[in-house]
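Below you'll find the structure, written out as structure tokens, and then a few comments.
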Amino acid sequence: MSKLELLPAVDVRDGQAVRLVHGESGTETSYGSPLEAALAWQRSGAEWLHLVDLDAAFGTGDNRELIAEVARAMDIKVELSGGIRDDASLAAALATGCTRVNLGTAALETPEWVAKVIAEHGDQIAVGLDVRGTTLRGRGWTRDGGDLYETLARLDSEGCARYVVTDIAKDGTLQGPNLELLRGVCAATDKPVVASGGVSSLDDLRAIAALVPEGVEGAIVGKALYAKAFTLEEALAVVAG
Ligand SMILES: O=C(O)c1ccccc1N[C@@H]1O[C@H](COP(=O)(O)O)[C@@H](O)[C@H]1O
């Protein structure tokens, strides 16, 4: 059986590594330099970095140069998110050398463009399915964007390679992942799923790892690492089996 991939997160707002609660603007806890945070996860053995430009996602500016600096400094794989919504922002993101990008709002608001870039870039494009219940949310998770399963079916038919599934109600709360949601998405698609939101403990990672046979490929871990609920080394040991 494949092992669960772990993606420690560095979310950047106003030049700082931060964690939010439920993705709500104004709930930031700051954890200092994004580059230092990313390098620390890399030194601890991470194989992936999940790097998010929150200002670009919220439409409050961007951290594009800093994000590029962090992505370029990594020797590991980088998944880049936040504000990638048109040709220019996609080109800038891919020019950082990141392994793949994660599209959120664009998949809800400009489906033709997303179908086009999926066709052009294949595995380099993932779609972030950020949901409350089964309703997708875009624009910094402030606007409804349609039904999860209808959108998933459309993206599947267009050849989307991978989905990053976030339960907004869980994100940044240390309340445990939404396993039911993950199972539901895995049942609806043959494509790999990356779980995001709520991881609080090594047992949560074990529970997500148990879904690998159903299609879960990875788990994004944020707050739990910054709050030192466990170390990345411990988490990597758990998923190594
Ligand atoms: O990661 C967060 O905490 C987060 C909070 C609020 C909005 C977005 C967030 N993160 C990621 O940003 C992209 C979506 O950006 P866009 O809609 O494509 O501009 C997505 O990966 C979210 O998971």
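Computed over heavy atoms, backbone and side chain alike; hydrogens, waters and symmetry mates excluded. Counting starts at 1 for both ligands and their atoms, in listed order.
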Enumerated ligand 1 atoms positioned under 4.0 Å from heavy atoms of [X]:
X	value
D171	3 (O)
G83	15 (O), 16 (P), 18 (O), 19 (O)
D11	1 (O), 2 (C), 3 (O)
S81	13 (C), 21 (O)
V52	10 (N), 11 (C), 12 (O)
F58	6 (C)

Can you establish whether the number of heavy atoms outside E47 located under 6.0 Å from its atom CD is more than 12?
->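 No, not enclosed.
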
Around E65, counting heavy atoms of other residues, nucleotides and ligands shown, do more than 12 lie under 6.0 Å from its CD?
->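 Result for CD/E65: open.
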
Checking a contact table here: which protein heavy atom is nearest [atom], and how many Å away?
atom	result
atom 22 (C) of ligand 1	D130 OD2, 3.3 Å
atom 17 (O) of ligand 1	T105 OG1, 2.5 Å
atom 14 (C) of ligand 1	G104 CA, 4.1 Å
atom 6 (C) of ligand 1	W141 CD2, 3.5 Å

Partners of W141 by ring pair (Phe, Tyr, Trp, His ring centres under 6.0 Å), sequence neighbours excluded?
->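 By the ring pair (Phe, Tyr, Trp, His ring centres under 6.0 Å) rule, W141 matches no residue at all.
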
Between N102, V194, L54, flag the one that comes closest to atom 4 (C) of ligand 1 by a heavy atom.
->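 Among N102, V194, L54, the closest heavy atom to atom 4 (C) of ligand 1 comes from L54.
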
Shortest heavy-atom approach to atom 15 (O) of ligand 1 - which of G145, G82, G128 |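 The option holding the nearest heavy atom is G82.
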
Salt bridge R162-E79, side-chain N to carboxylate O under 4.0 Å | no

So, does S33 use its side chain to make a donor-acceptor pair with the main chain of E36 at under 3.5 Å?
-> yes

Side-chain donor-acceptor pairs of residues 184-197 under 3.5 Å, sequence neighbours excluded:
| residue | atom | partner | partner atom | Å |
| --- | --- | --- | --- | --- |
| T189 | OG1 | D156 | OD1 | 3.0 |
| T189 | OG1 | D156 | OD2 | 2.9 |
| T189 | OG1 | K191 | N | 3.0 |
| K191 | NZ | C160 | O | 3.3 |
| S196 | OG | T166 | OG1 | 3.2 |

Checking side chain to side chain donor-acceptor pair (under 3.5 Å) for the pair R13/S30: CA distance, chi angles, key distance, verdict?
-> CA-CA 9 Å; R13 184 123 211 227; S30 183; over 6 Å; no

Identified side-chain hydrogen bond (donor to acceptor under 3.5 Å, both in side chains) counterpart of R137 within the set D130, T105, D144 =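 Answer after filtering D130, T105, D144: D144.
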
